[in-house]
Number of protein chains: 2
Amino acid sequence: MTLQRKPKVIDVARLSGVSTATVSRVLNDPAVVSEATREAVLAAVKQTGYRVNRAARSLRTNTSRTILALVPNLSNPFFSNILSGLERELSAADYSLLITDSGDAKLTADHIQRYVAAGQADGLIILDGGVDLQQLEVVQSAAPTVPIVFACEWVEGFKGASVRADNAGGIRMLVDHLWQLGHRKFGHVSGPDTNVLSHYRQRAFEQHVVDLGGELRPEWILPGDFSIAAGKHAAAQVINMPEKPTAWICASDQIAFGLIAGLTEAGVRVPADVSVTGFDNIEMTEVFNPPLTTIHQHRNKMGNEAARRLLAQLHDYETEVNTPTVMPVYLVERQSTGPVSKKVEMCSP
Amino acid sequence: MTLQRKPKVIDVARLSGVSTATVSRVLNDPAVVSEATREAVLAAVKQTGYRVNRAARSLRTNTSRTILALVPNLSNPFFSNILSGLERELSAADYSLLITDSGDAKLTADHIQRYVAAGQADGLIILDGGVDLQQLEVVQSAAPTVPIVFACEWVEGFKGASVRADNAGGIRMLVDHLWQLGHRKFGHVSGPDTNVLSHYRQRAFEQHVVDLGGELRPEWILPGDFSIAAGKHAAAQVINMPEKPTAWICASDQIAFGLIAGLTEAGVRVPADVSVTGFDNIEMTEVFNPPLTTIHQHRNKMGNEAARRLLAQLHDYETEVNTPTVMPVYLVERQSTGPVSKKVEMCSP
DNA sequence: CAAGGCCGTGTAATCGATTACATATCCTCC
DNA sequence: GGAGGATATGTAATCGATTACACGGCCTTG
């Protein structure tokens, strides 16, 4: 219990009467050491309170046991959910999680290299679909042994692993749900047009409405950016439309909140006059008035899965590196959707 | 452009015709090197694309330039906001941010030591007020040179820095606001009773209502846990109260959402029949129906400030280590509060 | 002009763990 | 009984940067 300097392998070795090599072996590859020695060493480890010095280990093995997550905006709860899943899985495998927030700035190869080339990270998890493909390829060719896995978002054309939600499937579920309620005229408020999720959701929307034989008009597709403000802005436009869809599929829950708030303010009732759906099933959807029909995705599990795929690549037992993992999503029916109403047209001011 | 093995100091040294010592000096303490040499070395650094190997540096200097953040629940957007502020400040100072999620498990000295004793972190930012004081003290005495800063939450009795919001001040603003609207009978839905923020908010509530001469009854203080569910549960109790407060101050926005949802469902109108306030000003407060009167705190800035205080301690220029930094908060008036209504009693079923 | 100081730089030890290679012991089987 | 193999352990080199110490040159000053 005397507080000395930090114990090192040599201290453990002396105490247990073996060499440093043996101590190291007990810690890294116990099977090669005889049981008696192993126990003696472990006892000495416990007694001294020894912990390997990560810097020394990293230097020698050229490995950091650390994964870097690149997040476009840490404040965004979506990302933190994924991070949470990541962290659990990584720490269980004795890996640490380093996080950097690319912030407003576009992520550059240089920024990533600050970590990778310095040997600070053995692998990368990228939550930011806005990275430039060329920059990514620079990183890949400079550090070919450092695996990269995309989680949630991804970059089209990137050669490597990704874990994503079934965005198209989710949209189809929503359209089907509304279709069954009798809706035939659909509108969409989209996400930011630089975002890959926006594209997938919008494309699936258009495709599926057409496939079902519903009515689809270009002016019923409004641009947005996943935010509440975008939803409010869309509401202002909707109100002035001469002819309106009876159902709006929004690219995010937040857009739906804004849209509903704006419509409600203008006297349009949801779902009596018009149905609205979200995407993501954030916590608030349940308590919003009306509770929002939306798509739920397990962001935590996406984090887990991304971590698993990364570790698999690190340990060379991943076979299908380039195949994306598509995680299932679920329809959550609440009260923002209802049977189509005949009097929608009359609600225009 | 030929892709070789990673360049090292020795490569830079050779290219610029100096010794490794000089290269290192240019990088770490440029002032001691003559201008001509410095420029030559920097040119060679650029040409080779050299980056210091962090592991080697860490090993030699016994320093990691990495800060560990201990988060009780990464999924919680509050924490991620603080992390965001932290990350910006740290990365500007060329520090990296390592994150661990204590999860459901209570944080132990052992868990922290996994990082600290291994030399993975030079300092700690703790966002979890639920750590055991004794465990903390174990860490402090085992690693007296590793500074610890609490952000947002904190542990009573801990000797060290903390950065917090003015929780009591925020509650007083809310009570004052309601008082001016004519309210005299106040209720409170509290946070988890293990949480230091809950205590501060509840105590400030009781104190200030008494100071103003309002009515305070023990049965008007309901236990909760910051969640929507807690608010809903509180609503069920409120509805059956023979005599009710005219205003409810909730320990979090989420509680307020749940409470309002529950009350609305039971036919109680907010704010016509009863006023309700939240705490935190999360994004949804604005679009909730009715928009929530609440207290705003700059979580990002708390992160910044915590990082600054930590760096100050690391670089030995912090003077008042034990004084908490209390960040100001702001009242945001929206539509969940209104003048006291005389007919509240009649709304009981 | 010699002594002393300062400045800029180089040499080589050092941080703490891992691991290639060498060695020692014991067993098996012809 | 000895060759050969398997098993367990030790010795010492190594990872890449930092830095104590030493050194040489130049300037100042009595």
Side-chain angles (χ1 to χ4, degrees), chain A residues 4-42 44-45 48-66 94 114-120 122 145, chain B residues 4-42 44-45 48-66 94 114-120 122 145:
Chain A
Q4 313 273 24
R5 76 197 194 321
K6 279 189 200 159
K8 321 190 233 181
V9 258
I10 184 78
D11 301 313
V12 177
R14 290 218 185 91
L15 185 60
S16 49
V18 299
S19 73
T20 60
T22 299
V23 173
S24 176
R25 282 191 275 256
V26 169
L27 267 27
N28 296 301
D29 189 7
V32 306
V33 181
S34 78
E35 181 160 348
T37 332
R38 197 188 320 145
E39 278 167 11
V41 170
L42 288 177
V45 166
T48 53
Y50 170 77
R51 316 243 174 184
V52 293
N53 178 315
R54 303 294 279 234
R57 168 184 280 178
S58 288
L59 176 59
R60 183 57 229 254
T61 61
N62 198 27
T63 264
S64 61
R65 282 193 96 78
T66 296
D94 197 30
R114 176 183 149 193
Y115 294 89
V116 173
Q120 275 197 103
D122 293 348
T145 60
Chain B
Q4 314 271 24
R5 75 197 194 321
K6 276 188 201 161
K8 321 190 235 180
V9 258
I10 185 80
D11 301 312
V12 176
R14 289 217 185 92
L15 185 60
S16 50
V18 300
S19 73
T20 60
T22 298
V23 173
S24 175
R25 282 191 275 254
V26 168
L27 266 27
N28 296 300
D29 190 6
V32 306
V33 181
S34 78
E35 183 161 348
T37 331
R38 197 189 318 144
E39 279 168 9
V41 170
L42 288 176
V45 166
T48 54
Y50 170 76
R51 314 244 175 182
V52 293
N53 178 315
R54 304 294 279 234
R57 169 185 281 178
S58 288
L59 175 58
R60 184 56 229 256
T61 62
N62 198 24
T63 263
S64 62
R65 283 193 93 79
T66 296
D94 197 31
R114 176 183 148 194
Y115 293 88
V116 174
Q120 275 198 103
D122 293 347
T145 60

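Since this is a predicted model, take the numbers as computed values, not measurements. So you know, we letter chains A, B, ... as the sequences are listed, proteins then strands, and number each from 1.
Contact annotation for A:Val18: backbone-only contact, meaning every heavy-atom pair under 4.0 Å involves sugar-phosphate atoms and none involves a base. As judged by a 4.0 angstrom heavy-atom cut-off over every strand, B:Val33 is placed among residues touching the sugar-phosphate backbone only.
For the pair A:Arg38 CZ and D:dT9 C1', the computed distance is 14 Å after rounding to whole Å. Spacing between atom CG of B:Leu27 and atom P of D:dG16 amounts to 16 Å, rounded to whole angstrom units. What separates CG of A:Asp29 from C1' of C:dA17 is a distance of 15 Å, to the nearest Å. Atom CZ of B:Arg65 and atom P of D:dT18 are 11 Å apart (whole Å). Nucleotide C:dA17 holds its C1' atom 17 Å from the CZ atom of A:Arg51, rounded to whole Å. The interatomic distance linking B:Asp11 (CG) with D:dA17 (C1') rounds to 13 Å, in whole Å. Between A:Ile10 atom CD1 and C:dA17 atom P there is a gap of 10 Å when expressed in whole angstrom units. Following rounding to the nearest Å, B:Asn53 (CG) and C:dC15 (P) show an atom-to-atom distance of 18 Å.
Within the structure, a side-chain polar atom (N or O) of B:Ser34 is placed less than 4.0 Å from OP1 or OP2 of C:dT9. OP1 and OP2 of C:dC15 both lie 4.0 Å or more from every side-chain N or O belonging to B:Ser58. Side-chain nitrogen and oxygen atoms of B:Thr22 include at least one within less than 4.0 Å of the OP1 or OP2 phosphate oxygen of C:dG10. Taking side-chain N and O atoms only, A:Tyr50 has no distance below 4.0 Å to OP1 or OP2 of C:dG16.
If A:Val9 and A:Arg25 are placed on DNA chain C by their nearest nucleotide, the residue sitting closer to the 5' end is A:Val9. Where A:Ala56 and B:Thr61 each meet DNA chain D at their nearest nucleotide, the meeting point lying more 5' is that of A:Ala56. The nearest heavy atom of DNA chain D to A:Ser19 and to A:Asn62 marks one nucleotide each, and the one closer to the 5' end goes with A:Ser19.
The B:Arg57 side chain lies nearest to D:dA17 when the options are C:dG16, D:dA17, C:dT18. Among D:dT11, D:dT18, C:dT19, the nucleotide with an atom closest to any side-chain atom of B:Asn28 is D:dT18. Distance from the side chain of B:Arg60 is smallest for C:dC15 among the nucleotides D:dA12, C:dA12, C:dC15. Taking every side-chain heavy atom of B:Ala21 into account, C:dT11 is the closest of D:dG10, C:dT11, D:dT18.
A salt bridge between B:Lys6 and B:Asp11 is absent, with no side-chain N of the basic residue lying under 4.0 Å from a carboxylate O of the acidic one. Between B:Arg65 and B:Asp122 there is no salt bridge, since no side-chain N of the basic residue sits under 4.0 Å from a carboxylate O of the acidic one.
For the residue pair A:Arg57 / A:Asn62, no side-chain donor-acceptor distance below 3.5 Å is found, with atom types taken as modelled.
Heavy atoms only, all atoms of each residue included: B:Ser64 and B:Gly119 are closest at CB-O, 3.5 Å. A:Thr20 approaches A:Ala13 most closely through the heavy-atom pair N-CB, 3.8 Å.
Using a 4.5 Å heavy-atom cutoff, the side chains of A:Thr66 and A:Tyr115 are not in contact.
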